[in-house]
K.L.:
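This is the structure, below, for whatever I ask next.
Here is how names work: the chains are called A, B, and so on, in the same order as the sequence lines, proteins then strands, and each is numbered from 1. Note that these values count all heavy atoms, side chains included, but never hydrogens, waters or copies made by symmetry.
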There are 2 protein chains.
Amino acid sequence: MLFCEQCTRVHYEVVPVPVTIKDIARAARMSHSTVSRALRNHPSVSAETTARIQRIAEEMGYVPSAVARSLKTSRTRVIGVIVNRIADPFFSRVLDGIQDVVQDRTYSLFLASANYGLNDDQAIQAMVERRIDGLIICATYMTREYRERLDRQGVPSVLVHNRSAEDAENAIYHDDIFGGQQMTRHLIDLGHRRIAYLGNAHAGRSSHERLQGYRMAHAEAGLSVREDYVLEANSGTAQSGAWGASTLMALSEPPTALFCYNDLMAIGAMSALQKAGLQVPGDWSIVGFDNITLSAFVNPPLTTFDQPKYRLGQQAARMMFDLLDDDSEAAPRPGIVILRGSLLARESAAPPAE
Amino acid sequence: MLFCEQCTRVHYEVVPVPVTIKDIARAARMSHSTVSRALRNHPSVSAETTARIQRIAEEMGYVPSAVARSLKTSRTRVIGVIVNRIADPFFSRVLDGIQDVVQDRTYSLFLASANYGLNDDQAIQAMVERRIDGLIICATYMTREYRERLDRQGVPSVLVHNRSAEDAENAIYHDDIFGGQQMTRHLIDLGHRRIAYLGNAHAGRSSHERLQGYRMAHAEAGLSVREDYVLEANSGTAQSGAWGASTLMALSEPPTALFCYNDLMAIGAMSALQKAGLQVPGDWSIVGFDNITLSAFVNPPLTTFDQPKYRLGQQAARMMFDLLDDDSEAAPRPGIVILRGSLLARESAAPPAE
DNA sequence: CTGAAAGCGCTTACAG
DNA sequence: CTGAAAGCGCTTACAG
């Protein structure tokens, strides 16, 4: 029974109190210093003592306190991750990649959602208070200002697929120029000459780079780009895809192929065309980008670009550990990793009708 | 410069050292006790002192250490969550619901992946070492043994949609009997009499309960269930759906409607039927379950059951906080929350052809 | 090989 | 209203 200043109430303890090294020390008739060392197999403790202490700890159900250890060592072995939304089909797969590498290294993961900018502050603050060893940012809108705050606190950070192009240190990107070029070249190779691109204004850099690849593929093939075929929706949803398709259908000379910023938009566009009585790929060829799980199961299966989402996550975590492991006196060396995916030809793109 | 026993090397400090309450105390010429109280707006500190100290803390860029606070208070304000796989389309949405409630209460989230049973031990161990205040388990296979281990450590746990039916305390389930009944009744109402159910052996309880609902709907309508229409695949993938559809197509008298355990299977089944030249919903009606994002964008849009995934997560978090807030002397009261979703009629189910 | 001591950054009962 | 002291559960330089 104890009295508490904070809530001015009397409390009765009911929860089991965890075993500490002191409890083990008492049981083993050793000092807690020796117990501490024995539990971590420190070479200066004799083999018998180590064995005996570990057995007792096991029997007593001892689980070390990472909290106490962290306070002493000033390392938490926790990596923080900030995402916009956990259920984002792209970033949730990236998270899997991060989690697996982090778990392999016996680190843990702190997760916070930035809610597309609404909770940036709160998320960062919570991470810094918890003294995470490093932060991986999968929140596309997070800006330089936040990174500076992290730098000031001595928290290394890695950016994954950030929308801003300005941040050029410790970042993982996907090669969107290459991807855009591959998709467009595929449509050109099939015989298309009137090819549209439907971008996503919210995506920033990655949409611009896919467009850049689209232009490069045209230039390579000696084709010029018709600017009325280059559209930009204000979101990356299926609804935006439908909007894009409708806009293009209304043109006096509509395209025969459409390259959408992402799969969701491509699927929305396909729906809209089919509702209007058009055949895909008979009348229009449609290609997406990302290779989300279900792109394989729509009808027709979507030709898309397989972004290495899981590998992006793995690389991000590895870059983080490189920063943490770096015990040279110099500042951690900055870096950018750019990964390439590959074209995934399925059935939504075919030669044009004529 | 300091020497380290562990790695027997000399280290040079390069990282910025965080500001502590002692630093603030020195700057403010106050004791660190007073600083501590002032920072938390303790009423016993004078208003001027509080204001002055908070200003100084702000100027010095102070960020409190949750690690130190946790050690002292033996509460971390961290909720752990274990999932099978982060990118799981069902649980990632549940996670969103958990995260939002947890963040609202200014708690943080620890996330670990159980990898479908492969890392159960490691995940639990990490959580207990970090002294999380409570654990929400979204790992379908996790058994009673683990909960007992948690109970012994005094860590309250909440189960979300666990596959085993044995665990009956502090769990959130979806009412799968009701859901299965609704879907089947819908098909019966459309005029179908030969209706198949394709279950998922890996899903355990939830698959059995959907089947139970299917049987109830038949009984209600005075129809008998044909046992050759009741199948069970060994996974919940699109491939399994295709397998189920093929198996049923091969029957001498195939069904006219198919209720699949989940959307992924329904989409796989639909693909298989369309590949075989059959029309959905002309020749076969197909319905799924879950309402995953893309079920609205397949062709035809899938009739499904809208599971309240986000709400499941919210409820789980709320139940956790109920357990934590409970300061009665009695053991936390156990509970089960069962949520109901609703039928979402789209276009993949229609009256049978004949 | 082992132990006593100090300290990581906080909170809080107790004394003034 | 403020401060000195103890302590949360560990790690580790130092002394024996």
K.L.:
What is the separation between atom CZ on R37(B) and atom P on dT11(C), rounded to the nearest whole Å?
P.N.:
10 Å

K.L.:
Nearest nucleotide by nearest heavy atom, which residue falls closer to the 5' end of DNA chain D, R131(B) or M30(B)?
P.N.:
M30(B)

K.L.:
Without hydrogens or angle criteria, can the side chains of S70(B) and R131(B) be said to hold a donor-acceptor pair below 3.5 Å?
P.N.:
no

K.L.:
Counting only side-chain heavy atoms from C-beta out, which of dG9(D), dC10(C), dT2(C) sits nearest to S65(A)?
P.N.:
dG9(D)

K.L.:
Let me know the distance between CG of N41(A) and P of dT11(D), rounded to the nearest Å.
P.N.:
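So the CG-P distance, N41(A) to dT11(D), works out to 12 Å.
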
K.L.:
Go nucleotide by nucleotide along DNA chain C from the 5' end; which of S33(A) and P43(A) gets its closest nucleotide reached first?
P.N.:
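Comparing both residues, the 5'-ward one is P43(A).
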
K.L.:
Distance check needed: dT11(C) P versus H42(B) NE2, whole Å only.
P.N.:
11 Å

K.L.:
Report the residues that fulfil side chain to side chain contact (heavy atoms under 4.5 Å, CB included) with D100(B), sequence neighbours left out, ordered by chain and then residue number.
P.N.:
R85(A), N115(A), Y310(B)

K.L.:
If you look at every heavy atom in V81(B) and L135(B), which pair is closest and at what distance?
P.N.:
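Nearest heavy atoms, V81(B) then L135(B): N-CD1, 3.9 Å.
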
K.L.:
Closest approach to the side chain of H32(B), judged atom by atom: which nucleotide of dT11(C), dC10(D), dG3(D) is it?
P.N.:
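Output: dT11(C).
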
K.L.:
Could you tell me which residues satisfy ring pair (Phe, Tyr, Trp, His ring centres under 6.0 Å) with Y62(B), sequence neighbours excluded, listed by chain and number?
P.N.:
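For Y62(B), no residue satisfies ring pair (Phe, Tyr, Trp, His ring centres under 6.0 Å) once neighbours in sequence are set aside.
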
K.L.:
To the nearest angstrom, how far is R130(B) atom CZ from dC10(D) atom C1'?
P.N.:
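Going from R130(B) (CZ) to dC10(D) (C1'), I get 14 Å.
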
K.L.:
Need one value for T20(A): base, sugar-phosphate or nothing, where a base atom within 4.0 Å counts as base even if backbone is also close, heavy atoms only.
P.N.:
sugar-phosphate

K.L.:
In whole angstroms, how far is the P atom of dG9(C) from the CD atom of Q153(A)?
P.N.:
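Whole-Å distance recorded here is 14 Å.
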
K.L.:
With rounding to whole Å, what would you report as the distance between dT12(C) and dG16(C) at their C1' atoms?
P.N.:
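These two C1' atoms come out 16 Å apart once rounded.
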
K.L.:
Please round to the nearest 0.5 Å and tell me the distance separating atom CD1 of I24(A) and atom CD of Q54(A).
P.N.:
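Going from the CD1 atom of I24(A) to the CD atom of Q54(A) covers 10.0 Å.
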
K.L.:
Looking only at the side chain of S46(B) (C-beta and beyond, no hydrogens), which of the listed nucleotides dG3(D), dC1(D), dC8(C) gets closest?
P.N.:
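So the nucleotide nearest the side chain must be dC1(D).
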
K.L.:
Within the pair S31(A) and dA4(C), is there a side-chain N or O less than 4.0 Å away from OP1 or OP2?
P.N.:
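No, because none of the side-chain N or O atoms of S31(A) sits under 4.0 Å from OP1 or OP2 of dA4(C).
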
K.L.:
Would you say the side-chain atoms of S36(A) and S33(A) include a donor-acceptor pair closer than 3.5 Å?
P.N.:
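No, no side-chain donor-acceptor contact under 3.5 Å.
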
K.L.:
Could you summarise the pairing of DNA chain C as dot-bracket text, marking Watson-Crick and G-U pairs under 3.5 Å with ( ) or [ ] inside the strand and | across strands?
P.N.:
|||.||||||||.|||

K.L.:
Please determine whether a side-chain nitrogen of the Lys or Arg among D325(A) and R105(A) lies less than 4.0 Å from a carboxylate oxygen of the Asp or Glu.
P.N.:
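Judged by the 4.0 Å cut-off on N to carboxylate O distance, D325(A) and R105(A) do form a salt bridge.
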
K.L.:
Please list, by residue number, the residues of residues 66-75 of chain B whose heavy atoms come closer than 4.0 Å to an atom of DNA chain D; answer none if no residue qualifies.
P.N.:
L71(B), K72(B)

K.L.:
Looking at DNA chain C, which of residues 47-64 of chain A put a heavy atom within less than 4.0 Å of it?
P.N.:
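Contacts with DNA chain C under 4.0 Å: T49(A).
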
K.L.:
For D23(A) and dC10(D), what is the distance between atoms CG and C1' respectively, to the nearest whole Å?
P.N.:
13 Å

K.L.:
Take atom CZ of R77(B) and atom P of dC10(C), then tell me their distance rounded to the nearest Å.
P.N.:
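Going from CZ in R77(B) over to P in dC10(C) covers 16 Å.
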
K.L.:
So, the side chain of T50(A) versus the backbone of S46(A): is there a donor-acceptor pair under 3.5 Å, distance only?
P.N.:
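Yes, because the side chain of T50(A) sits within donor-acceptor range (under 3.5 Å) of the backbone of S46(A).
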
K.L.:
What is the distance from NZ of K22(A) to P of dG7(D), rounded to the nearest Å?
P.N.:
8 Å

K.L.:
Is a salt bridge present between D88(B) and R93(A), judged by a nitrogen-to-oxygen distance below 4.0 Å?
P.N.:
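No, no charged N to carboxylate O under 4.0 Å.
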
K.L.:
When you measure from the side chain of D133(A) to the backbone N and O of I79(A), does any donor-acceptor pair fall under 3.5 Å?
P.N.:
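Not at all, since once roles are kept as given, no pair shorter than 3.5 Å links the two residues.
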
K.L.:
Please give the distance between the P atoms of dA6(C) and dT2(C) as a whole number of Å.
P.N.:
23 Å

K.L.:
Any side-chain N or O of R40(B) less than 4.0 Å from the OP1 or OP2 oxygen of dT11(C)?
P.N.:
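For dT11(C), OP1/OP2 do have a side-chain N/O of R40(B) under 4.0 Å.
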
K.L.:
Could R55(B) and E59(B) be called an ion pair, given the rule that one side-chain N must be under 4.0 Å from one carboxylate O?
P.N.:
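A salt bridge is present here (some side-chain N lies under 4.0 Å from a carboxylate O).
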
K.L.:
Give a yes-or-no answer on whether the side chains of Q125(B) and R130(B) include a donor-acceptor pair shorter than 3.5 Å.
P.N.:
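No - no donor-acceptor pair under 3.5 Å links their side chains.
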
K.L.:
Who passes ring pair (Phe, Tyr, Trp, His ring centres under 6.0 Å) against Y107(B), sequence neighbours left out?
P.N.:
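Result, ring pair (Phe, Tyr, Trp, His ring centres under 6.0 Å) vs Y107(B): F321(B).
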
